[in-house]
Amino acid sequence: MGASQSTPQQDEKVFVPDTSLHFSEDVVHQLVDHQASPEIPHDRQLSIDAHIRSRIQSELGRLHQEEERVREEIERALEKENLDRERSMAGEESASEDSSTAGTVKSSAALMGDLEELRQKIEKYHARQSSEDLSEVRAKGEEVVSCYKSHPTTTLDCWRAVEEFKASVAQVEQRYVNSLR
């Protein structure tokens, strides 16, 4: 019953063209050779691969050059835009300079000077931290630690070392506050 549906139909359809087709002998031989061995010869495959690689490399080089050119254009445009914005803001500042000095806009050179001044202050701060005052505090702290290690069960015996540490910290804090005045 269902056998007729599963068997393939043998209806062949043949189309007859109105015009005749003629192929050159080279095309016919190439098709016959290709049909006989569908594999591309190794030498031909190597030359095709080399050609493709060279085209890819040249396209990559062109794309890299184009990318660099676009990047340079963007950088120039952004730099020009920033300079224009800075000039316009500086112009607004000079126009309103006599009314108020709060919230003034500075140029790049002024900002770089401020940054350098901050760097110097930070270096001074780090230099103060490594001063002899801190070495005294560190020594007192090490005395507290060694006392606690030598008296693990009776830590209250280390009260003198702790008080000396607190006093040295207070002295350093007081000197620092006085140096800021």
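- A salt bridge does not link E79 to R76: none of the charged nitrogens lies less than 4.0 Å from a carboxylate oxygen.
- Among residues at least two apart or in separate chains, disulfide (SG to SG under 2.5 Å) pairs with a member in residues 149-181 are C147-C158.
- Using a 4.5 Å cut-off on side-chain heavy atoms (C-beta onward), I52 and I56 make contact.
- To the nearest 0.5 angstrom, E163 atom CD is 5.0 Å from K166 atom NZ.
- Considering every non-hydrogen atom in both K140 and S168, the closest pair reads CG-OG, 3.7 Å.
- Salt-bridge annotation for E75 and R71: absent, with no side-chain N of the basic residue lying under 4.0 Å from a carboxylate O of the acidic one.
- Contact detail for Y148 and V162: the closest heavy-atom pair is OH-CG2, 3.5 Å.
- Counting side-chain heavy-atom gaps under 4.5 Å among Ile, Leu, Val, Met, Phe, Trp and Tyr, the cluster of L78 also holds V70, I74.
- With salt bridges taken as basic N to acidic carboxylate O contacts below 4.0 Å, one links E66 and R69.
- No more than 12 heavy atoms of other residues, nucleotides or ligands lie within 6.0 Å of CZ in R160, so this atom counts as exposed by the packing criterion.
- Checked against side chain to side chain contact (heavy atoms under 4.5 Å, CB included), H64 has the following partners two or more places apart in sequence or in another chain: L60, E67.
- For the salt bridge (charged side-chain N to carboxylate O under 4.0 Å, His left out) condition, the pairs that include at least one residue of residues 54-65, sequence neighbours left out, are E59-R62.
- For K149, there are no salt bridge (Lys or Arg N to Asp or Glu O under 4.0 Å) partners two or more places apart in sequence or in a different chain.
- For N178, the side chain to side chain contact (heavy atoms under 4.5 Å, CB included) partners at least two apart in sequence or on another chain are Q174, R181.
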